Number of protein chains: 2
Amino acid sequence: MRLTTKGRYAVTAMLDLALHYDDGPITLADISQRQGISLSYLEQLFSRLRKRGLVDSTRGPGGGYRLSRNAHEIAVADVITAVDEKVETTRCGGLANCQDDQQCLTHELWSELSQQIYDFLCGISLGNLVERQGVQEVAARQRGQASSVSLSSRTTEESL
Amino acid sequence: MRLTTKGRYAVTAMLDLALHYDDGPITLADISQRQGISLSYLEQLFSRLRKRGLVDSTRGPGGGYRLSRNAHEIAVADVITAVDEKVETTRCGGLANCQDDQQCLTHELWSELSQQIYDFLCGISLGNLVERQGVQEVAARQRGQASSVSLSSRTTEESL
DNA sequence: ACAAGCCCGAGTAAAATAGTCAACTATTAA
DNA sequence: TTAATAGTTGACTATTTTACTCGGGCTTGT
Ligand code: FES
Ligand code: FES
């Protein structure tokens, strides 16, 4: 499979959006601070999330991003595939041709594994996650800390 | 997770070993030809497989590798972890510390996913795979083709 | 002795990752 | 109308990882 920080960050950011859905549009700067993800990197990620229709954006002051639909209707798999291309563990990428244009010995195995992973990630929505106690606890902690550590050159200006 | 060609090749090679278990020790050169994997690369992989006790080796002419135990007692997960280090999808590697020494929002999710994948790969043994029709078919094809394409400088000598 | 085959570690080219940066456009508040 | 906010885009880069190669050893059967 291809599960990298890009996908992980995307899910984290989307979950942040889900948690603060009632606060109106959320700026990337907010997410950056709360989740410890570089603003520039978030811009890149949200560009793809928007193209896939997972989030809506509002420009100008007071603007930001919000989920395009109910958190229960966005699966983790949707988010990952939006930024990560595919959740595929085969070498051939689905076409069974990795050994001399024919199927290799283990194609079937990886194919099943991919399906397994995909099913799992489809079965969990952002809404599910929001309801979990573990997630709630972390979210509460994040509210308490305000802006402790600054991280990007571009976010450091607004100290106080 | 970290599923890369290294892990895939290892499983393929081990499966080859399982399929030819009755032929006595199998040389890496044989595997290289049948499965289209570079000999030098196989040496690297088998070094780790041997250290983990998954295969036994015999040196000298007529030597080669064989499975150290019954194919039904070697899970795919064993092979992958032998060469690939870990089947972990978390960023923190298990310790929940990826955001400022504390657990990030999505730690739980990746943790569960990792477990899911691990369970799946533990549930499938090399023995299981050998019994599958799809695998049998590919194996039969490989016997028919003899040595079609040569690949590595080090394997090219013995054409005919 | 010689060759087959395993054993080992260092080295490396290419690709992927994880980001950065600068310049732009749209929107709104003053 | 002007300035500030915030999204939008695309190109660019350092670092890391991957997927190998290479050269030399060591063992053992004939
Ligand atoms: S993984 Fe699909 S053919 Fe090898
Ligand atoms: S993935 Fe474990 S703390 Fe973030």
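Owing to the predicted nature of the structure, the values given are computational and were not obtained by experimental measurement.
Contact annotation: Y65(A) reaches the phosphate of dT8(D) (side-chain N/O to OP1 or OP2, under 4.0 Å). Considering only side-chain N and O atoms, R59(B) lies nowhere under 4.0 angstrom from the phosphate OP1 or OP2 of dA3(C). Between S38(B) and dT21(D) there is a side-chain polar atom (N or O) within less than 4.0 angstrom of OP1 or OP2. Of the side-chain N and O atoms in T5(B), one or more sit less than 4.0 angstrom from OP1 or OP2 of dA19(D). A sub-4.0 Å separation between OP1 or OP2 of dT28(D) and a side-chain N or O of T58(B) is absent. Residue S57(A) has a polar side-chain atom (N or O) positioned under 4.0 Å from OP1 or OP2 of dT8(D).
The side chain of T4(A) sits closest to dT17(C) out of dT17(C), dT28(D), dT27(C). Of the candidates dC6(C), dA19(D), dG29(D), the closest approach to any side-chain atom of E43(B) belongs to dC6(C).
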Ignoring hydrogens and angles, write down the donor-acceptor pairs under 3.5 Å from the side chains of residues 105-114 of chain B, residues two or more places apart or on other chains.
from	atom 1	to	atom 2	distance (Å)
T106(B)	OG1	T12(A)	OG1	3.1
T106(B)	OG1	W110(B)	NE1	3.0
E108(B)	OE1	R132(A)	NH1	3.3
E112(B)	OE2	R132(A)	NH1	2.6
S114(B)	OG	T89(B)	N	2.9
S114(B)	OG	T89(B)	OG1	2.7
S114(B)	OG	W110(B)	O	2.7

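Residue pairs meeting the salt bridge (charged side-chain N to carboxylate O under 4.0 Å, His left out) criterion with at least one member in residues 44-55 of chain B, sequence neighbours excluded, are R48(B)-E85(B).
R34(B) and D16(B) are joined by a salt bridge, as a carboxylate oxygen and a charged side-chain nitrogen come within less than 4.0 angstrom of each other.
Between the CZ atom of R66(B) and the C1' atom of dG5(C) there is a distance of 15 Å, given to the nearest Å. Atom pair R50(A):CZ and dT8(D):P shows a separation of 4 Å (rounding to whole Å applied). Between the CG atom of L45(A) and the C1' atom of dG7(D) there is a distance of 14 Å, rounded to whole Å. The separation between L39(A) atom CG and dA22(C) atom C1' is 14 Å, rounded to whole Å. Here dA18(C) presents its P atom at 14 Å from CG of L42(A), a figure rounded to the nearest Å. In this structure, I37(B) atom CD1 and dA19(D) atom P are separated by 12 Å, rounded to whole Å.
Each of R91(B) and P61(A) has a nearest nucleotide on DNA chain C; the 5'-most of these lies closest to R91(B). When each of Y41(A) and G64(B) is assigned the nucleotide of DNA chain C with its nearest heavy atom, G64(B) is the one assigned upstream, toward the 5' end.
If you check distances only, the side chain of Q44(B) does reach the base of dT21(D) with a donor-acceptor pair under 3.5 Å.
Taking the six-membered ring where the residue is Trp, F46(B) and Y65(B) present tilted rings, their angle falling between 30° and 60°.
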